[in-house]
Amino acid sequence: MQNVRVRFAPSPTGYVHVGSLRTALYNFLFARHHKGKIILRIEDTDQSRYVEGAVDNLLDSMKWCGLEFDEGPQQGGEFGPYYQSQRLDIYNKEINKLIEADKAYPCFCSQERLDKIREEQANANLPIKYDGHFRNISPDESLKRMKSEAYVIRLKIPAPGETKVHDIIRGEVVFQNNLLDDQVLIKSDGFPTYHFANVVDDHYMQISHVIRGEEWLPSTPKHILLYEAFSWKLPEFAHLPLLLNADRSKLSKRQGDVAVEDYRRKGILPEALVNFVALLGWHPDDDQEVFSYNGLIEKFTLERVNKAGAIFDMDKLYWFNGGYIRNLSQEDYLKKGLKWLVNESLDTGSDEKNNNILAAVRNSLNTFSDIKEKVQLFYADKIEEYSEEASSWIRLDDSKSVFKAMIIEIDKYSELSLEEFKAIMKDVQKNTGVKGKELWMPVRAAITGTTEGPELPTVISVLGKEKIRQFVLQAIER
RNA sequence: GGCGCGUUCGUCUAGUGGUUUAGGACGCUGGCCUCUCACGCCGGUAACACGGGUUCGAACCCCGUACGCGCUACCA
């Protein structure tokens with residue numbers, strides 16, 4: 001494929017939706033797969049939705065995900081500026097061409113009139129669209145009124161005929177022109193609408209493939225008509241299936257976490273998020289599911305993107321993430337884990353202890369935010385409560401003799417290292433005749449209050465002599 | 001209401017007319033490992049929306065129905 005140029009064109013709303021992440025990802029993979037370029041363009045044409053710091057947040061989330069752009073606000077490029085709000089002169093120039101060619105016209109309708117005709121159309125069960133009230137007023141009159149009245153510029157849709165959209169994912173989709181609205185191109189504040197800015201920018205930035213969400217499919221014929229009004233070459237289109245909530249509605253903030261930063265905060269690794277999201281609507285030609293970026297780049301094609309929407313299944317994300325946590329190098333894992341320990345105020349002050357704790361819980365982690373809960377037993381000052389199972393182990397006669405023997409042995413030492421603990425348990429076994437599960441489970445129950453958790457020697461070495469002694473005594477009393 | 005898109009296990013999906021007793025993964029579940037849990041390994045569970053065609057033969061092609069979703073803004 002020659003000269004692939006794609007773009008990710010978000011509007012800065014304050015956070016990056018995972019659906020946007022997937023759109024960005026597919027654009028990125030497609031570009032890299034074809035040795036093309038990916039451009040980041042900020043679609044900030046809605047002044048009423050301006051959010052402070054939104055662009056920084058967006059850039060930050062993209063970087064965290066490992067998505068790199070070839071052109072954009074940060075890296076520049078020969079097709080800038082990459083903020084639509086800085087391209088107003090371009091839109092002005094282009095809209096004038098359209099007006100002069102009678103392909104667009106000013107419309108002076110008030111919001112009230114627009115509301116009224118829509119209401120009438122709705123009541124009459126008619127398709128809802130602008131009635132073309134100002135379609136054919138004379139240029140002279142237009143010019144005169146433009147000086148004193150508020151207006152928008154609308155596209156003059158050629159009434160008869162049909163417009164065909166060739167979509168790489170969905171094939172040919174046909175729309176009847178007479179059902180298409182005379183789309184607003186320039187708003188009364190002078191800013192372009194998405195539809196106009198998008199087409200003009202895609203043209204000037206020489207975008208070869210428009211890869212975006214399915215919600216844009218219905219407006220694509222309008223975009224095509226715009227390209228034709230300018231006599232510009234059409235890009236290829238690919239409309240991605242939507243990401244959905246569990247109830248199959250469009251994935252939304254109301255029903256849980258949708259922002260990339262939410263997952264970051266939860267302790268999801270970017271590699272896991274990206275891997276998971278890549279598989280939502282795309283599948284390789286074999287059964288491989290775990291992918292590095294390079295693997296995705298190599299395998300990704302638009303032809304293998306699905307048509308149906310996909311539910312965002314948290315369980316599978318957690319599964320991916322658990323796998324990625326376990327695949328980290330020990331060093332990397334410890335480094336990342338320590339940050340979480342510190343954030344949760346669980347830093348023991350000892351590197352050795354921190355590392356032991358972290359290493360002990362690694363296998364049970366799905367996210368780094370699980371650390372807090374999994375690590376709790378290492379910080380207890382007393383056993384607040386015993387699980388039912390733990391209680392029944394503790395009450396056994398054999399267990400009581402194990403505990404008593406332990407106290408005797410523990411008192412022979414001033415400190416309790418791993419080695420010493422093993423020696424103690426050997427002697428306890430010898431003196432009581434209790435071994436295997438019957439020996440170890442009561443000890444676990446006594447010092448953790450539950451019958452599950454990391455290997456006992458690790459727990460022992462972190463807790464230290466005094467706590468062990470105290471917990472065992474506490475268990476004898478039960 | 002109109003227009004458009006979609007519909008294979010609970011979920012993500014493989015599947016493009018015979019190789020399919022519909023494959024993989026998550027989840028759930030049984031077992032092994034093991035002081036326990038987790039990890040890991042082995043096994044089980046569960047689906048072609050419905051109705052008509054076309055064909056020797058259909059999850060795959062056609063038509064209709066149902067259901068879901070999206071769009072229908074001077075938001076993107």
Side-chain angles (χ1 to χ4, degrees), chain A residues 9-13 43-46 48-49 107 109 111 114-115 118 121-129 150-154 165 167 169-170 173-176 179-181 183-195 197-198 212-221 239 241-242 244 246-250 276 279-290 304 306-320 322-323 326 360-366 374 389-390 393 425 435-445 448 450-457:
Chain A
S11 59
T13 54
E43 308 227 325
D44 55 349
T45 58
D46 185 356
S48 64
R49 293 215 302 186
C107 161
C109 290
Q111 194 57 55
L114 260 18
D115 291 343
R118 277 187 201 121
Q121 287 165 344
N123 290 341
N125 278 348
L126 258 28
I128 292 166
K129 81 192 259 272
Y151 62 93
V152 300
I153 308 291
R154 287 180 185 272
V165 177
D167 187 279
I169 294 165
R170 285 153 217 281
V173 185
V174 183
F175 295 85
Q176 297 303 316
L179 262 15
L180 262 26
D181 217 344
Q183 193 65 50
V184 171
L185 267 17
I186 301 287
K187 299 180 259 188
S188 57
D189 64 0
F191 275 68
T193 58
Y194 167 88
H195 307 284
N198 195 265
R212 72 221 315 186
E214 187 187 348
E215 68 268 30
W216 295 110
L217 187 54
S219 47
T220 306
H239 288 93
L242 258 20
L244 311 172
D247 67 358
R248 304 214 82 94
S249 58
K250 192 171 159 183
F276 170 64
L279 259 16
L280 252 27
W282 173 82
H283 195 278
D285 56 10
D286 56 22
D287 283 334
Q288 188 179 346
E289 293 211 298
V290 178
R304 291 197 64 83
N306 286 118
K307 296 179 180 74
I311 292 176
F312 193 92
D313 176 21
M314 215 64 85
D315 278 337
K316 191 148 188 180
L317 207 211
Y318 288 148
W319 175 77
F320 269 113
R326 271 163 244 125
V361 299
R362 180 171 182 167
N363 279 345
S364 64
L365 259 34
N366 280 142
K374 300 287 182 186
E389 234 182 311
W393 274 107
M425 290 309 287
K435 57 179 181 176
K437 199 168 182 169
E438 281 65 35
L439 172 67
W440 291 92
M441 279 306 276
V443 177
R444 171 178 295 286
T448 70
T450 74
T451 53
E452 58 188 62
E455 337 182 289
L456 237 17

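What you see is a predicted model, and the numbers here were worked out from it, not measured in a lab.
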query: Could you state the NZ-C1' distance from Lys307(A) to U16(B), rounded to the nearest angstrom?
result: 10 Å

field: Counterpart base for G18(B), defined by Watson-Crick or G-U wobble contacts under 3.5 Å
entry: C56(B)

statement: Separation between OG1 (Thr220(A)) and CZ (Arg212(A)), nearest 0.5 Å, reads 4.5 Å

- request: Please round to the nearest 0.5 Å and tell me the distance separating atom NZ of Lys307(A) and atom CZ of Arg170(A).
  value: 7.5 Å

query: Glu438(A): what forms a salt bridge (charged side-chain N to carboxylate O under 4.0 Å, His left out) with it, not counting sequence neighbours?
result: none

message: Run the ring pair (Phe, Tyr, Trp, His ring centres under 6.0 Å) test against Phe312(A) and tell me which residues pass, sequence neighbours left out.
response: Tyr263(A), Phe276(A)

- prompt: Contact class for Phe175(A) (heavy atom, under 4.0 Å): base, sugar-phosphate, or nothing?
  reply: sugar-phosphate

query: Touch check for Arg170(A), heavy atoms < 4.0 angstrom, all strands: base, sugar-phosphate only, or nothing?
result: sugar-phosphate

query: If you round to the nearest 0.5 Å, how far is NE2 of His195(A) from OG1 of Thr45(A)?
result: 10.0 Å

statement: Across every strand shown, the nucleotide meeting Watson-Crick or G-U wobble geometry with A25(B) (both distances under 3.5 Å) is U11(B)

- request: Look up atom CZ in Phe320(A) and atom CG in Asp313(A), then write down how far apart they are to the nearest 0.5 Å.
  value: 10.5 Å

message: Between Arg444(A) and Trp393(A), does the side-chain contact (heavy atoms from CB on, under 4.5 Å) criterion hold? Intermediate values first, please.
response: CA-CA 9 Å; Arg444(A) 171 178 295 286; Trp393(A) 274 107; over 6 Å; no

- request: Pick the C1' atom in G70(B) and in C26(B), then give their distance to the nearest Å.
  value: 27 Å

task: In whole angstrom, give me the gap between the C1' atoms of U54(B) and U7(B).
output: 22 Å

field: G53(B) versus C60(B) - spacing of their P atoms, nearest Å
entry: 14 Å

Integer angstrom distance from the C1' of A47(B) to that of G15(B): 13 Å

field: Length of the line joining Asp285(A):CG and U16(B):C1', which is rounded to integer Å
entry: 15 Å

- prompt: Is any side-chain N or O of Arg248(A) closer than 4.0 Å to OP1 or OP2 of U11(B)?
  reply: yes

query: Using purine N1 to pyrimidine N3 plus N6-O4 or O6-N4 for Watson-Crick, or N1-O2 and O6-N3 for G-U wobble, both under 3.5 Å, which nucleotide pairs with U34(B)?
result: none

task: Look at all strands and tell whether Gly322(A) reaches a base, only sugar-phosphate, or nothing, counting heavy atoms closer than 4.0 Å.
output: nothing

Protein and nucleotides 35-40 of chain B: nitrogen or oxygen contacts under 3.5 angstrom:
unit_1, atom_1, unit_2, atom_2, d
C35(B), O2, Arg444(A), NE, 3.1
C35(B), N3, Arg444(A), NH2, 2.9
C35(B), N4, Leu456(A), N, 2.8
U36(B), O2', Thr451(A), O, 2.2
U36(B), O2, Gly453(A), N, 2.8
U36(B), O2, Gly453(A), O, 3.0
U36(B), N3, Arg444(A), NH2, 2.9
U36(B), N3, Gly453(A), O, 2.7
C37(B), O2, Gly453(A), O, 3.2
C37(B), N3, Gly453(A), O, 3.4
A38(B), O2', Asn363(A), O, 2.6
A38(B), O2', Ser364(A), N, 3.4

message: Testing the basics here: between Pro241(A) and Gly281(A), what is the closest heavy-atom pair and its distance to 0.1 Å?
response: CG-CA, 4.4 Å

- prompt: Counting any heavy atom closer than 4.0 Å, what does Asn123(A) reach on the DNA or RNA strands: base, sugar-phosphate only, or nothing?
  reply: nothing

field: Test item: Val443(A) and Met425(A) side chains (from C-beta on) under 4.5 Å apart, heavy atoms
entry: yes

Whole-Å P distance, C50(B) and C67(B): 15 Å

Under 3.5 Å between N/O atoms: give me all the protein pairs with nucleotides 19-22 of chain B, atom names plus distance.
none

query: Across the strands shown, which category fits Ala122(A) at heavy-atom distances under 4.0 angstrom: base, sugar-phosphate, nothing?
result: nothing

query: With a 4.0 Å cut-off on heavy atoms, is Arg304(A) in touch with a base, just the backbone sugar-phosphate, or nothing at all?
result: sugar-phosphate

- prompt: Any side-chain heavy atom of His239(A) sitting closer than 4.5 Å to one from Val173(A)?
  reply: no

field: Who pairs with G70(B) - Watson-Crick or G-U, where each distance is under 3.5 Å
entry: C3(B)

Shorter than 3.5 Å, N or O on both sides, protein versus nucleotides 43-49 of chain B: list them out with atom names.
none

field: C1' gap between C61(B) and G4(B), integer Å
entry: 22 Å

Length of the line joining Leu244(A):CG and G10(B):C1', which is rounded to integer Å: 15 Å

query: Looking only at atom P, what distance separates C32(B) and C69(B), rounded to whole Å?
result: 46 Å

- prompt: Nearest to the side chain of Asp315(A), which nucleotide is it out of C5(B), C26(B), A25(B)?
  reply: C26(B)

field: Closest approach of Val165(A) to Leu217(A) (non-hydrogen atoms, all atoms of both residues)
entry: CG1-CD1, 4.4 Å

message: Roughly how many Å apart are U11(B) and G2(B), using the P atom of each and rounding to a whole number?
response: 29 Å

- line: Heavy atoms of Glu43(A) and Asn198(A) approach each other most closely as OE2-ND2, 3.4 Å

Contact list (N/O, under 3.5 angstrom) for nucleotides 73-76 of chain B vs protein:
unit_1, atom_1, unit_2, atom_2, d
A73(B), OP2, Arg118(A), NE, 3.2
C74(B), OP2, Arg118(A), NH2, 3.4
C74(B), O2, Ser188(A), N, 2.7
C74(B), O2, Ser188(A), OG, 2.6
C74(B), N3, Ser188(A), OG, 2.9
C75(B), OP2, Lys187(A), NZ, 3.0
C75(B), O2', Asp46(A), OD2, 2.9
C75(B), O2', Arg49(A), NE, 3.4
C75(B), O2', Arg49(A), NH2, 3.4
A76(B), OP1, Thr45(A), OG1, 2.8
A76(B), OP1, Lys187(A), NZ, 2.6
A76(B), OP2, Tyr194(A), N, 3.2
A76(B), O3', Glu43(A), OE1, 3.3
A76(B), O2', Ser11(A), OG, 2.9

Proximity to the side chain of Lys316(A) - top-ranked nucleotide from G15(B), G24(B), C5(B): G24(B)

query: Given the rule in the side-chain contact (heavy atoms from CB on, under 4.5 Å) test, do Asp46(A) and Lys187(A) qualify, once you have shown the distances and angles that lead to the verdict?
result: CA-CA 10 Å; Asp46(A) 185 356; Lys187(A) 299 180 259 188; 4.3 Å; yes

query: Between Lys129(A) and Leu180(A), what is the shortest heavy-atom contact and its length?
result: CE-O, 3.1 Å

- request: Ignoring hydrogens and angles, tell me if any N or O in the side chain of Gln121(A) forms a donor-acceptor pair with the backbone of Asn123(A) under 3.5 Å.
  value: no

message: Going by purine N1 to pyrimidine N3 plus the second Watson-Crick contact, or the G-U wobble pair, all under 3.5 Å, which nucleotide sits opposite C50(B)?
response: G64(B)

field: Leu180(A) CG to C3(B) C1', straight-line distance once rounded to whole Å
entry: 9 Å

- prompt: Is there a side-chain contact between Glu452(A) and Glu389(A) (heavy atoms, below 4.5 Å)?
  reply: no

